[in-house]
Asker: 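The structure under discussion is supplied below as structure tokens; questions concerning it will follow.
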Amino acid sequence: MSVQVQAFAEGETAGRALAAALELPFGLVRSHRFPDGELLPTVPGARPCVIVYRSLDSPNDKLIELVLACEAWRRLGARRLVLVAPYLAYMRQDRAFAPGQAVSQRAVAGLLSHSFDRLLSVDPHLHRIAALKEVFGDMPAESISAAACIGDWLASEGAPADVALIGPDEESARLVRAVAERLGADWTVMAKTRRGDRQVELGPIEPQAVQGREVVLVDDICSSGATLMAAAREALSLGARRVRAVVVHALFNDSTALRLRSAGIGQVVSTDSVSHPTNRIRLAPVLAETLAEEMRR
Ligand code: R5P
């Protein structure tokens, strides 16, 4: 089947990198916003298979625009639409935590599975379920982990032999363990209680896990920064020599970046899942490995 990669303006660099890694042509989807706020995407044609690159940070307009673009791709002859969303929004709301709340994870999965034939994401935030396919039902949905890329990046930076990798909560354990195994480093996780959107409390860890050592905090997401700031303060109060952080999805703004620095985090690095000034780790090679089978269909 003939395949093309397409992306929207905000993902053009990463979309082009993916197309290059797959040795496929690239097309840019143009976006228009009407004065009343309605959106109109214009797609650059459609091959029988279109791999659509769009990370779903700031997701609300992007989701609607994707649904509209799918209408155009299908009408122009696409038979297979593959969504590559390195960051997949709304996965954290995986149950109604209070009466009347939406289970956003389920609703967004329903929307995407109605429009696409396959979904690929990177370290989606899955807490109470083991795999994306449990959320997406009949539509094939899979995720890859950035752990190997993160481990290789830390190794290339010359992480010291006594480096300690710390996950700020239980949910980060899978990612932190995988990075630590790649690097051959010690790791542990803290216990987190979230008190509000910007307020978290962390339980204590054994001082010897960080005392006198370089600490790298590893988490899937940094949004308000509250989690990393609390983890950094804890590590520094226990005598960590230096604290850095690596996240898969950088969802934070400039003022949060300043607060992270004030909390003692010397460097924050992210994958290019979401376009961000902290991007240092490229995902295109690992995404391309998983998508190569699209050309064999
Ligand atoms: C949730 O538990 C995630 O793994 C992250 O720790 C969380 O989303 C980070 O959010 P924030 O930066 O707002 O603390």
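Order of appearance sets the numbers: ligands from 1, and atoms from 1 within every ligand. Please read these numbers as outputs of a predicted model, since none were measured by experiment.
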Asker: Between R194 and D169, is there a side-chain N and carboxylate O pair less than 4.0 Å apart?
Answerer: no
Asker: May I ask you to check whether over 12 heavy atoms, not counting those of R74, lie within 6.0 Å of atom CZ?
Answerer: yes
Asker: What are the atom names and distances for all N or O pairs under 3.5 Å between ligand 1 and the protein?
Answerer:
from     : atom 1 : to   : atom 2 : distance (Å)
ligand 1 : 2 (O)  : D169 : OD2    : 3.2
ligand 1 : 2 (O)  : E171 : OE1    : 3.3
ligand 1 : 2 (O)  : K192 : NZ     : 3.3
ligand 1 : 4 (O)  : D219 : OD1    : 3.3
ligand 1 : 4 (O)  : D220 : OD1    : 2.7
ligand 1 : 6 (O)  : K192 : NZ     : 3.0
ligand 1 : 6 (O)  : D219 : OD2    : 2.6
ligand 1 : 8 (O)  : R92  : NH1    : 3.0
ligand 1 : 10 (O) : R194 : NH2    : 3.4
ligand 1 : 12 (O) : S223 : N      : 2.8
ligand 1 : 12 (O) : S224 : N      : 3.2
ligand 1 : 12 (O) : G225 : N      : 2.8
ligand 1 : 13 (O) : S224 : N      : 2.9
ligand 1 : 13 (O) : S224 : OG     : 2.6
ligand 1 : 14 (O) : R194 : NH2    : 3.0
ligand 1 : 14 (O) : T227 : N      : 3.0
ligand 1 : 14 (O) : T227 : OG1    : 2.5

Asker: With side chains defined as the heavy atoms from C-beta onward, is the minimum distance between L132 and M91 less than 4.5 Å?
Answerer: yes
Asker: Please name the pair of heavy atoms, one in V108 and one in A89, separated by the smallest distance, quoted to 0.1 Å.
Answerer: CG1-O, 4.3 Å
Asker: Whether the side chain of E214 engages the backbone of A159 through a donor-acceptor N/O pair (distance < 3.5 Å, no angle test) should be reported.
Answerer: no
Asker: Taking S270 for the side chain and H249 for the main chain, is one N or O donor matched with an acceptor at less than 3.5 Å?
Answerer: no
